[in-house]
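Per chain, numbering begins at 1; letters A, B, ... match sequence-line order.
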Amino acid sequence: MNTPITRFAPSPTGFMHIGGVRTALYAWMWARKHGGTFILRIEDTDKEREVPGSIEHIMETLRWLGLEWDYGPDKPGNFGSCIQSQRLDTYRAAAQQLVDKGLAYPDPYSAEEIDGFRRAAQADKRVFLFRDHRPKEFGAWDGTRPLRFKVPEVKRSHWHDAVRGELQAGEEALDDFILMKSDGYPTYNFAHIIDDQHMGITHIMRADEFISSTPKFLSLYEALGITPPVFVTLPPILREDKTKKLGKRDGAKDVLEYRAEGYLPEAMINFLALIGWNPGTPQEIFSREELIAAFDISGIHSHGGVFNEEKLRWFNKQHLSRLSNERFKEIIITPMVSSTTTAYYDTHQASHSTDAFVIDSKHADIWNKLTPIIRERIATAADFSAELNSGEYSYFFAPPKTTQIKTELLPNKSSSLTEALGYLQDARNLLAKADFSSADTLKSALWDYATEKGRGNVLWPLRYALTGKEKSPDPFTVAHIIGKEDTLARIDAALTLGL
RNA sequence: GGCCCUAUCGUCUAGGGGUUAGGACAGCGCCUUUUCAAGGCGUUAACCCGGGUUCGAGUCCCGGUAGGGUCACCA
């Protein structure tokens with residue numbers, strides 16, 4: 001096999017959804033696995049549908065996911081440009097060659113006339129085929145009329161697909177399709193074939209909606225004397241209700257939204273890789289490198305799959321707990337302490353260096369609590385501070401606004417409030433002498449006492465005093481993060497309110 | 001409707017003639033009396049239907065059914 005050259009060729013019509021990302025991912029993995037080339041090509045030949053800013057948005061999405069391209073809009077290499085609207089001369093020249101060879105001709109009909117043909121065919125219950133109306137003599141092509149391909153030979157098509165195997169289609173799949181539109185832009189059908197050849201693409205990864213137009217492509221490849229690349233048809237990603245392929249109009253999200261929600265790119269990639277491909281081993285969690293090593297076209301499925309966010313969350317959790325300290329600092333701590341400083345960090349920066357924080361935060365529970373904070377920060381960058389001070393995790397940054405202490409302190413019905421406050425007082429005395437350097441040292445300071453009195457009896461009121469929440473991380477973790485001073489102050493406040 | 005593709009737990013899937021049909025997510029139950037986007041143990045749950053080939057079919061073949069795709073001067 002030649003060194004693969006693959007491409008991802010989106011249209012700049014908005015954001016990228018998971019379907020597009022999955023296609024890009026497979027093309028990227030294949031190229032990387034074999035030391036090949038991955039090209040990002042922008043197919044902007046429909047100026048009507050183009051959405052400004054899409055190209056940058058697409059590039060940002062791919063960068064976030066770590067799918068670096070060797071050539072693209074920003075790195076044209078020797079291709080001149082990887083943006084189709086900047087390559088119009090190439091398509092015109094190729095079109096003219098076909099005209100010269102008698103293989104293309106200007107469409108002489110008006111839209112109304114074609115509509116008439118189509119309706120007549122429909123009334124007859126026949127398939128509408130433009131080639132049934134192919135003019136006897138071809139006029140000259142001046143670029144103002146749509147240019148159509150003259151299918152040289154109408155026949156049944158047979159071809160090989162690396163995933164689907166031997167495919168075929170009948171004669172009605174072949175028609176005189178449009179190569180160049182009257183606005184001077186090529187159609188997808190034409191442009192992608194010209195570009196793939198110019199760029200030396202060896203494998204085309206694309207979704208299964210192109211199966212039905214493959215006979216047209218084959219006919220054009222033949223007319224142009226091009227050996228077709230390897231077709232790698234990817235299975236569809238279906239909507240949760242399975243009634244439709246996932247698309248932008250059906251609730252498909254901008255993939256960058258997942259970033260804002262706290263998902264790690266490695267989790268997204270890992271999950272997407274496994275929808276439509278399987279390594280044949282029980283392994284589920286893959287690093288980027290492991291994916292590249294394990295990926296193979298032979299493991300791509302021919303049947304569709306549903307994108308299930310629950311499982312994505314699980315992948316995220318797995319990758320979260322595998323983050324290196326460096327990555328954790330990079331994506332969690334650094335954004336947290338940079339630009340928008342919080343009340344917590346303003347007052348505690350001195351006593352808790354970020355390094356110490358990272359090391360002590362190796363426990364997955366802390367990571368898990370911090371991630372949504374980051375999520376909120378990204379989503380509401382401007383008022384991050386306000387968000388945290390009033391948000392669900394406010395206890396990391398400010399004392400609970402509890403005004404009444406009563407039965408919430410009680411771990412179960414058998415305890416009394418007086419008893420609970422007694423435990424809390426004892427816990428306070430132990431904590432006053434405790435080593436706050438880690439959650440573990442705090443745990444050891446209290447553990448024997450808590451075990452003796454009943455862990456819930458002691459720890460539940462303590463946790464509540466610190467956070468004022470019915471659900472929160474364990475008290476040792478919280479006490480460590482907020483520090484000794486705040487911990488004792490919050491316990492005192494609770495004792496005061498309770499008595 | 002024509003053409004094309006697809007079919008294993010609710011979901012992602014393993015398994016490609018002999019399997020107690022395996023794993024993961026979700027669910028459910030119990031445990032961890034620190035309730036978390038934790039952890040542990042256990043558990044429910046699937047070969048679309050009908051024919052054929054075969055000693056034997058989830059697996060191969062045919063037909064049905066269902067779902068998806070496509071029939072544009074969209075990609």
Side-chain angles (χ1 to χ4, degrees), chain A residues 9-11 13 43-46 48-49 84 107 111 114 118 122 125-129 145-148 157 161 164 167-173 175 177-189 191-192 206-215 233 235-236 238-240 242-245 262-263 271 274-285 301-317 320-321 363-369 371-372 375 411-412 439 443 450 454-460 462-464 469-478:
Chain A
S11 293
T13 55
E43 309 216 320
D44 58 339
T45 56
D46 184 352
E48 302 265 314
R49 294 203 311 150
Q84 287 189 328
D107 182 338
I114 293 179
R118 186 172 285 123
Q122 214 161 30
K125 295 195 194 300
R126 282 183 293 114
V127 186
F128 168 67
L129 288 168
R145 302 293 309 163
L147 186 73
R148 285 187 183 265
S157 308
D161 185 286
R164 305 293 174 101
L167 298 178
Q168 50 177 299
E171 296 182 353
E172 59 290 323
D175 198 12
F177 61 97
I178 290 176
L179 303 171
M180 297 292 289
K181 298 184 275 187
S182 59
D183 64 2
Y185 285 94
T187 58
Y188 163 81
N189 295 334
H192 90 270
R206 63 182 160 200
D208 66 349
E209 72 249 31
F210 292 102
I211 291 180
S212 46
S213 37
T214 300
T233 296
L238 304 172
R239 274 200 320 201
E240 200 96 31
K242 270 188 150 178
T243 60
K244 211 163 189 291
K245 204 175 124 161
Y263 289 98
F271 181 44
L274 258 15
I275 299 181
W277 167 78
N278 188 280
T281 66
Q283 184 176 357
E284 297 225 55
I285 304 300
H301 302 139
S302 36
H303 61 267
V306 170
F307 176 85
N308 176 242
E309 261 191 51
E310 292 279 6
K311 194 146 188 180
L312 174 61
R313 285 160 62 90
W314 178 76
F315 275 104
N316 201 46
K317 194 164 65 188
L320 213 41
S321 66
H363 309 288
D365 53 0
I366 284 296
W367 292 7
N368 291 342
K369 289 322 287 183
T371 308
R375 172 173 71 200
N412 55 53
K443 184 172 179 175
R455 287 176 205 159
N457 294 336
V458 177
L459 300 176
W460 196 302
L462 177 59
R463 188 183 55 72
Y464 185 82
K469 299 275 184 187
E470 294 197 20
K471 295 184 180 185
S472 64
D474 65 87
F476 312 114
T477 298
V478 177

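Across all strands, A/S182 comes closer than 4.0 Å to base atoms (heavy-atom distances). Within 4.0 Å of A/R118, counting heavy atoms only, lie sugar-phosphate atoms of the nucleic acid but no base atom.
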Under 4.0 Å protein heavy-atom contact, by nucleotide of nucleotides 19-24 of chain B - B base, S sugar-phosphate only: -----B
Protein-to-nucleotide contact annotation, 5' to 3' order, nucleotides 40-50 of chain B [B base; S sugar-phosphate only; - none; under 4.0 Å, heavy atom]: -----------
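The same atom, P, is picked in B/C49 and in B/U54; the two are 23 Å apart, to the nearest Å. Taking atom P on both B/C36 and B/A24, the two are 22 Å apart, rounded to the nearest angstrom. B/A66 sits 8 Å from B/C48 when the C1' atoms are compared, rounded to a whole Å. B/G58 and B/G22 are spaced 13 Å apart, taking the C1' atom of each and rounding to whole Å. B/G15 and B/U59 are spaced 8 Å apart, taking the C1' atom of each and rounding to whole Å. Taking the C1' atom of each, B/U32 and B/G42 are spaced 15 Å apart, rounded to whole Å. Comparing the P positions of B/G23 and B/U43 gives an interatomic distance of 10 Å, to the nearest angstrom.
A/Q168 pairs by the side-chain hydrogen bond (donor to acceptor under 3.5 Å, both in side chains) definition with A/R156, not counting sequence neighbours. Partners of A/E284 according to the side-chain contact (heavy atoms from CB on, under 4.5 Å) rule, which considers only residues two or more places apart in sequence or in another chain, are A/K311, A/W314, A/F315. Judged as a side-chain contact (heavy atoms from CB on, under 4.5 Å), and not counting sequence neighbours, the contacts of A/S213 are A/F210, A/F217. Annotation: side-chain contact (heavy atoms from CB on, under 4.5 Å) contacts of A/D44 (sequence neighbours excluded): A/P12, A/I42, A/K47, A/E50, A/I83, A/Q84, A/S85. With sequence neighbours excluded, no residue forms a ring-ring contact (aromatic ring centres under 6.0 Å, His included) with A/F476. For the side-chain hydrogen bond (donor to acceptor under 3.5 Å, both in side chains) test, no residue two or more places apart in sequence or in another chain qualifies with A/D175. Residues satisfying the ring-ring contact (aromatic ring centres under 6.0 Å, His included) test with A/F177, not counting sequence neighbours, are A/F149. Residues that satisfy the side-chain contact (heavy atoms from CB on, under 4.5 Å) test with A/E309, not counting sequence neighbours, are A/K253, A/Y258, A/Y263, A/F307. Checked against side-chain hydrogen bond (donor to acceptor under 3.5 Å, both in side chains), A/N308 has the following partners two or more places apart in sequence or in another chain: A/E240.
Residue A/R313 contributes atom CZ, which lies 13 Å from atom C1' of B/A38 at whole-angstrom precision. B/C71 atom C1' lies 14 Å from atom CZ of A/F210, rounded to whole Å. Atom NZ in A/K181 sits about 15 Å away from atom P in B/A72, given to the nearest Å. The interatomic distance linking A/H303 (NE2) with B/G16 (P) rounds to 15 Å, in whole Å. B/A72 atom P lies 17 Å from atom OH of A/Y188, rounded to whole Å. Here B/C73 presents its P atom at 14 Å from CZ of A/R49, a figure rounded to the nearest Å.
Where A/S11 and A/L274 meet RNA chain B, the nucleotide closest to each residue was compared, and A/L274 sits on the side nearer the 5' end. Two residues, A/T45 and A/G305, neighbour RNA chain B, and the one matched to the more 5' nucleotide by heavy-atom proximity is A/G305.
Within the 4.0 Å cut-off from OP1 or OP2 of B/A75, not a single side-chain nitrogen or oxygen of A/H192 is found.
Proximity of A/I211 to A/R164: side-chain heavy atoms (C-beta onward) are separated by under 4.5 Å at one or more points.
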Distances under 3.5 Å between protein N/O atoms and the N/O atoms of nucleotides 1-4 of chain B, please, pair by pair.
from: B/C4; atom 1: OP1; to: A/R156; atom 2: NH2; distance (Å): 3.1
from: B/C4; atom 1: O3'; to: A/Q168; atom 2: O; distance (Å): 3.4

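Annotated as syn: B/G16, whose O4'-C1'-N torsion sits within 90° of 0.
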